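Scroll down for the structure; my scribbles are underneath it.
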Amino acid sequence: MAAAKAYIELHPSAKVVVLDEAATVGGVWAEHRLHPGLVSNNLLGTYEYSDFPMDESYGVKPGQPIPGTVVHAYLRNYAQRFGVLAHIRFKSKVETAERKEGGGWVLTVSSDGQQSQLSTARLIIATGLTSEPFMPALQGSEKFGAPVFHSKDLGRYVNSLQSAESVVVYGGTKSAWDAAYSYATAGVEVNMVIRESGHGPVWMSPPYVTPLKRWLEKLVHTRFLTWFSPCIWGNADGYSTIRNFFHGTAVGRKIVDTFWAILGNDLVTLNGYDKHPETKKLKPWTDAFYTGSTISILNQNFPMLKRIMLLNMKPSENLRTKAM
Ligand SMILES: Cc1cc2nc3c(=O)[nH]c(=O)nc-3n(C[C@H](O)[C@H](O)[C@H](O)COP(=O)(O)OP(=O)(O)OC[C@H]3O[C@@H](n4cnc5c(N)ncnc54)[C@H](O)[C@@H]3O)c2cc1C
C-alpha cells in the first residue's frame, strides 16, 4: 500500500491497479487473519506510516501493543485517505508474471474461479513474507480426526478457541507463541512441539530491555547498536573503522561477544525461563548474536501458558501417538 500510495502521488494520471488475493486490506492484518488476542509486536508509535500517525481515536494508549482489529482499521483508513482503496482489486490472485518481449509484463490473474490476463508496463511485487503458509507433511494427519491447520488460518478456526479441549501447537517462533497464548488464555490445554532439527524456540524479548529499561524498538534503531552486528553493507554508513574494530580484531570481537551475552542473559532473566521446568524448555537454543530477524517481542503474559511440553518430534512422526 505504501508503494501504491507513493506511485499514485508521483504519477497521478497513471493507471494503477493493486491486485490482492485477499478479500480485505491489510495482508497480515486482513479481516480473515484476525483472531482474539492477536496484537502487534510493536508498541504504539513504532508501527505506523510516518505520514499517517495512529492517533488517539484508535484507543491505543502509549506503551500498549496494537490489537489486530485496530491495525486492520488503521490500514484500511490509510488506503482510503490516500486513495489507494479505489485502485485495489480484491480476491484477485496473480498466478504468473511473464516478461514481455520489448518490456513490460503479462500477468495471469485468477478471480472467482475465472482466469484473465493483464498487461502492464511496470510491476511492483509486495507479496509479503507470510502469504504462503509452510505446512510440513505430517504422516497420518489426514486421519487425525481433528483440524490440522496453519497459524495463518487461525482466524478461520476461531471457534476452536471455545470448543477445543486441547491443542498441539507445532513450532517455536512468534506465530506458535501467539497461537499457544490464544488457546491457553481461552482455557484450552496447550502442548507445544518444537522439532529438534530446527533452530529451537525464538528469542522473545520483553518490550523494555537492558538494566536501563530501554524500549527495544527504539534501541535497535540506534546506529550504536547496528555496530554490534556484522553487515556486508555496513561500511556504507561511513563508520567502517569502528565496524572493522568490532568485527575484525580480537578485542573488538570480545566486546561484541560480551554485549550479546549480556543482552541474552538479560532476556533469559527477565522472562524467568529458569523459574519452571516447563518454561525452561522455551529458552532459546541459538546465540543472540545470530538471531537476525527471528526475534520477537513478548507482549503477552508468558506464565499464562497452562502447560508447555517440549517433545522432540520430527515432522514425519505420527502426530496422534506423539501428542498423547
Ligand atoms: C501474525 C503476525 C504479526 C506480525 N506483527 C508484526 C509487528 O508487530 N511488527 C512488525 O514490524 N512486523 C510484524 N509482522 C511482520 C509483517 O509481515 C509485517 O509487519 C507487514 O505486515 C508485512 O507487510 P507486507 O505488505 O510486506 O506483506 P503482507 O502484509 O503479508 O501483505 C502481502 C499482500 O500480498 C497479497 N498477496 C500475496 N500473494 C499474492 C498473489 N499471488 N496475488 C495477489 N496478492 C497476493 C496478500 O493477500 C497480502 O495482501 C507480523 C507478521 C505476522 C504474520
Side-chain angles (χ1 to χ4, degrees), residues 1-7 17-50 54 60 64-76 78-79 84-85 87-98 105-112 114-118 120 123-134 149-158 169 171 173-182 202 204-207 215-218 220-221 292-300:
M1 289 206 296
K5 180 234 174 200
Y7 200 88
V17 173
V18 180
L19 299 166
D20 194 332
E21 69 173 313
T24 56
V25 286
V28 162
W29 307 98
E31 240 168 49
H32 71 284
R33 291 184 67 174
L34 303 178
H35 58 83
L38 178 65
V39 293
S40 66
N41 275 322
N42 297 63
L43 307 181
L44 182 74
T46 57
Y47 202 47
E48 61 190 27
Y49 295 105
S50 51
M54 191 175 279
V60 187
Q64 286 182 346
I66 310 156
T69 46
V70 172
V71 183
H72 173 73
Y74 167 81
L75 291 173
R76 194 169 199 291
Y78 174 88
V84 176
L85 201 56
H87 292 264
I88 305 180
R89 282 188 208 162
F90 290 109
K91 298 193 204 167
S92 300
K93 181 174 184 181
V94 178
E95 303 285 357
T96 59
E98 286 166 67
W105 297 86
V106 176
L107 311 181
T108 305
V109 183
S110 57
S111 182
D112 290 327
Q114 304 282 317
Q115 280 208 339
S116 58
Q117 293 208 314
L118 206 145
T120 178
L123 174 65
I124 299 176
I125 299 177
T127 44
L129 294 173
T130 61
S131 295
E132 298 283 335
F134 169 67
F149 59 91
H150 190 265
S151 59
K152 182 187 173 187
D153 293 321
L154 187 57
R156 298 189 203 275
Y157 287 87
V158 77
V169 175
T173 52
K174 167 70 175 157
S175 298
W177 280 69
D178 276 356
Y181 183 79
S182 293
V202 70
M204 293 293 281
S205 171
W215 184 357
L216 182 72
E217 289 107 288
K218 295 217 165 163
V220 296
H221 287 102
S293 63
T294 55
I295 190 165
S296 192
I297 299 173
L298 184 62
N299 43 24
Q300 292 123 343

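Please read these numbers as outputs of a predicted model, since none were measured by experiment. Every number for a ligand or one of its atoms is a count from 1 in the order of the listing.
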Quick one: do the Glu217 and Thr46 side chains pair a donor with an acceptor below 3.5 Å? yes

Those protein residues which place at least one heavy atom below 4.0 Å from ligand 1: Leu19, Asp20, Glu21, Ala22, Gly26, Gly27, Val28, Trp29, Arg33, Leu38, Ser40, Asn41, Asn42, Tyr47, Ser92, Lys93, Val94, Ala126, Thr127, Gly128, Thr130, Ser131

Would you name the heavy atoms of Ala4 and Val84 that are closest together and state the gap between them? CB-CG1, 3.9 Å

Residue set satisfying salt bridge (Lys or Arg N to Asp or Glu O under 4.0 Å) with Lys152, at least two apart, ordered chain then number -> none

Aromatic ring pairing Tyr78/Tyr49, orientation class (parallel under 30°, perpendicular over 60°, tilted between): parallel

Kindly check if the number of other-residue, nucleotide or ligand heavy atoms within 6.0 Å of CD (Gln114) is above 12? no

Are Tyr157 and His35 side-chain neighbours, meaning at least one heavy-atom pair lies under 4.5 Å? no

